[in-house]
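Working notes, structure below.
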2 protein chains.
Amino acid sequence: MAAHALAWIELNARRGGEVATSEQIANSVNTNPVVIRRLLGELRGAGLVESRRGAGAGWRLLRPAESISLAEVYRAVEGDPQFALHPATPNQKCPVGQGIRSALTPVYDAAEQALSAELARTSVADVLRESIAAP
Amino acid sequence: MAAHALAWIELNARRGGEVATSEQIANSVNTNPVVIRRLLGELRGAGLVESRRGAGAGWRLLRPAESISLAEVYRAVEGDPQFALHPATPNQKCPVGQGIRSALTPVYDAAEQALSAELARTSVADVLRESIAAP
DNA sequence: TCCTGTCGTAACCGTATTGGTTACGACGGA
DNA sequence: TCCGTCGTAACCAATACGGTTACGACAGGA
């Protein structure tokens with residue numbers, strides 16, 4: 001949904017729209033404007049968009065769509081690590097339980113890294129282009 | 001937890017244990033035996049372990065720990081795709097909404113692929129070794 | 001100055017997921 | 001026959017997520 005929202009803002013800008021309102025975006029994503037405002041709020045925290053209030057308010061990209069990668073979007077939206085360790089701390093009296101977390105942490109880090117690197121290959125502009133090109 | 005359980009089964013085997021019971025594994029993972037049985041049930045479905053019932057029952061790896069990668073474990077446990085598309089189908093009357101899903105699907109597939117490739121670099125035997133080696 | 005449109009945010013709901021727990025039947029070796 | 005273990009259903013609490021309503025804050029125009 002975040003990728004969709006950003007692509008829509010970019011399309012709107014290319015059509016001459018100064019800013020995009022959460023209601024317009026919600027109409028395309030088919031959800032509630034509040035959901036969009038929450039979502040874009042996180043992206044604003046990551047420095048990807050800015051919002052204007054008052055009359056004629058709305059949202060705008062802070063950087064060219066070509067330079068915003070899905071890795072940044074992903075990181076902004078899915079803040080916490082994707083790979084969680086055990087909910088309860090394992091049995092420290094067992095050799096495995098004692099060392100399992102420090103054994104898995106680097107593996108998880110590498111996995112997140114690989115994921116991020118792959119997502120970095122696609123930009124919001126790419127998403128928009130492929131969306132428009134779809135049959 | 002799945003990686004932990006498999007590593008424990010392997011450690012137990014190296015110590016001469018024929019099979020590992022869900023209660024023993026649960027003791028190391030610090031959870032309930034039923035949770036372990038459910039978990040290993042999925043891994044059995046993926047052909048990674050087998051279970052024996054009756055007296056003296058328990059679990060055993062079906063393949064050498066060196067040949068079981070975390071990618072297989074991950075796939076067995078986290079069956080469905082990690083990247084979900086929109087919960088509600090987007091507005092088909094909008095160019096972005098109409099094409100966004102077919103634009104994102106290949107990106108998601110590539111991301112899952114990158115993730116899997118990274119996890120494939122680590123085996124259950126690696127996890128056990130690193131766990132035991134931990135300070 | 002007031003009015004209007006939009007964001008910002010809190011509050012709440014329903015649903016789904018997850019790990020945990022209890023319970024009990026099924027199985028199979030001793 | 002007995003006993004230990006798996007297999008599985010049922011239920012619970014906690015959490016997360018998208019959705020919805022509501023309302024104050026803000027800013028620009030009339």
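Note that these values count all heavy atoms, side chains included, but never hydrogens, waters or copies made by symmetry. In this text the structure is predicted, and so the values were computed from the model without any measurement. Letters go in sequence order (proteins before strands), and every chain restarts at 1.
A sub-4.0 Å separation between OP1 or OP2 of dG7(D) and a side-chain N or O of R44(B) is present. Under 4.0 angstrom from either OP1 or OP2 of dT5(D) there lies no side-chain N or O belonging to S51(B).
With rounding to whole Å, E50(B) atom CD is found 13 Å from dG28(C) atom P. For the pair L43(B) CG and dG7(D) C1', the computed distance is 15 Å after rounding to whole Å. In this structure, NE2 of H86(A) is placed 10 Å from P of dG20(C), rounded to the nearest angstrom. Atom CG of N32(A) and atom C1' of dG18(D) are 9 Å apart (whole Å). Note: CD1 (I36(A)) to C1' (dG18(D)) measures 11 Å, nearest angstrom. Rounded to whole Å, atom P of dG29(C) lies 13 Å from atom CD of E18(B). In this structure, the CD atom of E23(B) is 16 Å from the C1' atom of dG7(D), given to the nearest Å. Summarising the geometry, the separation between CD on Q24(A) and C1' on dT6(C) is reported as 11 Å, rounded to the nearest angstrom.
Just one residue in the list N27(A), N32(A), I25(A) forms a side chain to side chain contact (heavy atoms under 4.5 Å, CB included) with V29(A), and that residue is I25(A).
Under 4.0 Å is where a charged nitrogen must lie from a carboxylate oxygen, and between R38(B) and E42(B) no such pair does.
Side chain of R37(A), nearest nucleotide from dG19(D), dT9(C), dG19(C): dT9(C). Distance from the side chain of R38(A) is smallest to dG18(D) among dG18(D), dG20(C), dC6(D). Here dT21(C) is the nucleotide among dC7(C), dT21(C), dG19(D) with the atom lying nearest to any side-chain atom of V34(B). Comparing dC7(C), dG19(D), dG19(C) by their nearest atom to the side chain of T21(A) picks out dC7(C).
Nearest heavy-atom pair, S116(B) versus A71(B), reported as atom, atom and distance to 0.1 Å: O-CB, 3.4 Å. Heavy-atom minimum distance, R63(B) versus L48(B): NH1-CD2, 3.6 Å. Minimum heavy-atom separation, A3(B) to V73(B): N-CG1, 4.4 Å.
Note on G58(B): only backbone sugar-phosphate atoms sit closer than 4.0 angstrom, heavy atoms only; bases stay farther off. Backbone-only contact: R52(B) has heavy atoms under 4.0 Å from sugar-phosphate atoms and none from a base.
Between S22(B) and P33(A), the residue anchored closer to the 5' end of DNA chain D is S22(B), taking for each the nucleotide with the nearest heavy atom. Each of W59(B) and G54(B) was matched to the nucleotide of DNA chain D holding its nearest heavy atom; the match closer to the 5' end belongs to G54(B).
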